[in-house]
Amino acid sequence: MVTHLLHGIRRTLELALIFIAIAAAAAAQPQTDSRGLPTLAPLVNQVTPAVVNISVITRSSLEDNPLFRDPFFRRFFNLPERPQREEQSVGSGVIVDAARGYILTNHHVIKDAEQAIVTLKDRRQFQARLVGTDPGTDIAVLQIPAQNLTALKLGDSDQLQVGDYVIAIGNPFGIGQTVTSGIVSALGRSGLTPEGYEDFIQTDASINPGNSGGALVNMRGELVGINTAIIGPAGGNVGIGFAVPSNLARAVMTQIARYGEVRRGRLGIEMADLTPELARKLGVATLEGAVVAAVQPGSPAEKAGLREREVVVGLNGRPIRSATELRTRLGLTPVGEEIELRVLRGSETRTIRTRIAAPQELAHADGHTVAQLPGLRVVEIERGSPLFQRLRGGGLVASAVEQGSRAFQAGFRPGDIIYAVNRRRVQTLAEFQAVLRGVERGFAVSLLRGDFNLTIIIR
């Protein structure tokens, strides 16, 4: 009798697990309409109210004689400031916090914006406030003073697999809200932007200009990515689009909501990808991970016992597949937070715990202004300092960046270490200013932020 009872309990549990599996599968599969035909309409109706259109107004100077670009020329002849024209562009955004009115979008959508107007699916319009932006990940957070909002739940982008179905929602070419579908084509894409904080989801769901900042949604109706970029010879869709993973966007939003910006610290390592040849030399039985190429003296990494030629294969319980992934995730770890690294040395595995430190800083100083970058103040790196040794020469440190200034909008932050302009090495303030004076239009500034190299392009 006991045997029959146990058999009955086992059978009941098996049936329960089967029903749970069926329910889970049904939740993840397209539904059917009254005629039995597959449809995504119920899912689309559920998620589209959370996707908004963003209209951005910027001002740019009209083309004129080059002499009019010289402020001394204008002042000498008592000429007015250069005339400006108003420009309007469109993009998309996703409501992720209905109570606070928070909207995720792309940095490049709202860059240099004087005004951003958000239009909801129900046609209500609101002027948005910029909470903060992070050029490195191309993520920005807006806020609108609205009630009765619909928010999209943030999904776990680490659970995505190549082949998963997704839908993309946005405002392509400003024609209005549009839904496209496809699959996840690849994961962990990088090398698309100069900043390099990248871990893109690649999808063949159609993404076109105006879709930037829109939603990439899984079949459970969860936000798994913020649509960001496309590859197309004429600026249109050719089946290769990219989205910032939701987990990365969540980490950026958390810091922006708290600080108004992303505060990147340093671990104190230089890293490289693990190649088959390097794996053989190091005696490790994996091709996934980041090789420690160098450890900076006095850094948290050195104090924790991290050594050159070790391979980092995990961070805070999640696997690390490449140096780019480690770089991106470290770059989003708040200063002062403890991290746990899983490290291989040959066939041995060990765990290292340490804390992310603030970027190396010089003694507090007011610094010098830079005419071409209003809002930025810099100081020279002293000869013999750890920074001087790290750069193998001089450079400049951003001692202050005024909130809302041109330099701040371009992406400069206090503590940035500037070492080149247009790939030309600059080691002193005089060299920096001389190079900038010789540039007529745009220029690219190379800098270090924490452990990482960045390029900021000024147009």
Side-chain angles (χ1 to χ4, degrees), residues 58-85 87 107-108 111-114 133 135-136 193-196 261 359-385 387-388 390-449 452-459:
T58 59
R59 297 184 188 278
S60 64
S61 299
L62 295 170
E63 293 297 323
D64 51 26
N65 190 298
L67 287 174
F68 285 87
R69 293 197 291 268
D70 187 339
F72 299 103
F73 181 90
R74 293 200 310 272
R75 193 176 304 123
F76 184 82
F77 288 101
N78 196 29
L79 296 176
E81 292 296 316
R82 296 173 62 196
Q84 294 185 323
R85 62 166 172 255
E87 296 180 347
H107 163 76
H108 75 261
K111 183 181 179 183
D112 301 325
E114 291 197 355
T133 181
T193 66
E195 287 83 3
E261 61 182 1
Q360 290 174 309
E361 296 178 355
L362 300 179
H364 292 290
D366 290 336
H368 301 273
T369 59
V370 180
Q372 293 83 354
L373 291 168
L376 175 68
R377 301 183 74 88
V378 297
V379 294
E380 292 185 1
I381 296 173
E382 295 180 3
R383 183 177 294 274
S385 69
L387 277 180
F388 194 94
R390 181 181 176 188
L391 291 174
R392 297 183 178 88
L396 302 127
V397 175
S399 59
V401 184
E402 182 183 345
Q403 286 270 356
S405 65
R406 184 188 179 196
F408 185 89
Q409 291 292 334
F412 289 94
R413 296 296 182 265
D416 284 349
I417 303 165
I418 298 167
Y419 62 87
V421 177
N422 289 345
R423 298 185 179 180
R424 178 177 171 183
R425 189 80 162 84
V426 293
Q427 301 192 51
T428 66
L429 177 63
E431 289 178 358
F432 186 43
Q433 292 176 328
V435 173
L436 292 180
R437 280 197 296 269
V439 176
E440 287 192 5
R441 291 187 180 275
F443 54 92
V445 179
S446 301
L447 56 88
L448 289 171
R449 180 175 296 163
F452 314 118
N453 289 282
L454 299 178
T455 301
I456 293 179
I457 299 175
I458 311 296
R459 293 183 174 85

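All of these numbers come straight from a predicted model, not from anything done at the bench. Side chains are part of it too, since the values below use all heavy atoms of this structure and drop only hydrogens, waters and symmetry mates.
Closest of all the heavy-atom pairs between A410 and P135 is O-CG, 4.4 Å. Nearest heavy atoms, L373 versus F432: CD1-CZ, 4.3 Å. Taking every heavy atom of both residues into account, V401 and S405 meet most closely at CG1-OG, 4.3 Å. Heavy-atom minimum distance, A371 versus P374: O-CD, 3.7 Å. Closest of all the heavy-atom pairs between A407 and L376 is CB-CB, 3.7 Å.
A distance of 12.0 Å separates CD1 of I418 from CD of E380, quoted to the nearest 0.5 Å. Expressed to the nearest 0.5 Å, how far CZ of F412 lies from CZ of R406 amounts to 9.5 Å. A distance of 9.5 Å separates CG in N422 from CD1 in I457, rounded to the nearest 0.5 Å. Rounding to the nearest 0.5 angstrom, the gap separating the CG atom in D416 from the OG atom in S399 is 11.0 Å. We find the CD-CZ distance between E402 and R377 to be 10.0 Å, quoted to the nearest 0.5 Å. Going from atom CZ of R413 over to atom CG of L447 covers 11.0 Å, rounded to the nearest 0.5 Å.
Evaluation of the salt bridge (charged side-chain N to carboxylate O under 4.0 Å, His left out) rule for E431 yields no partner, not counting sequence neighbours. The side chain to side chain contact (heavy atoms under 4.5 Å, CB included) check on R437 picks up Q372, Q433, A434, with sequence neighbours excluded. Residues satisfying the side chain to side chain contact (heavy atoms under 4.5 Å, CB included) test with R425, not counting sequence neighbours, are L391, Y419, Q427.
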Point to revise | Stepwise side chain to side chain contact (heavy atoms under 4.5 Å, CB included) check, K111 with T133 | key: CA-CA 9 Å; K111 183 181 179 183; T133 181; over 6 Å; no
Review point. Do I417 and V397 pass the side chain to side chain contact (heavy atoms under 4.5 Å, CB included) test, and can you show the C-alpha distance, the side-chain angles, and the key distance before you say yes or no?
Key: CA-CA 5 Å; I417 303 165; V397 175; 4.3 Å; yes
**Study point:** side chain to side chain contact (heavy atoms under 4.5 Å, CB included) evaluation trace for F443 with V435
**Key:** CA-CA 10 Å; F443 54 92; V435 173; over 6 Å; no
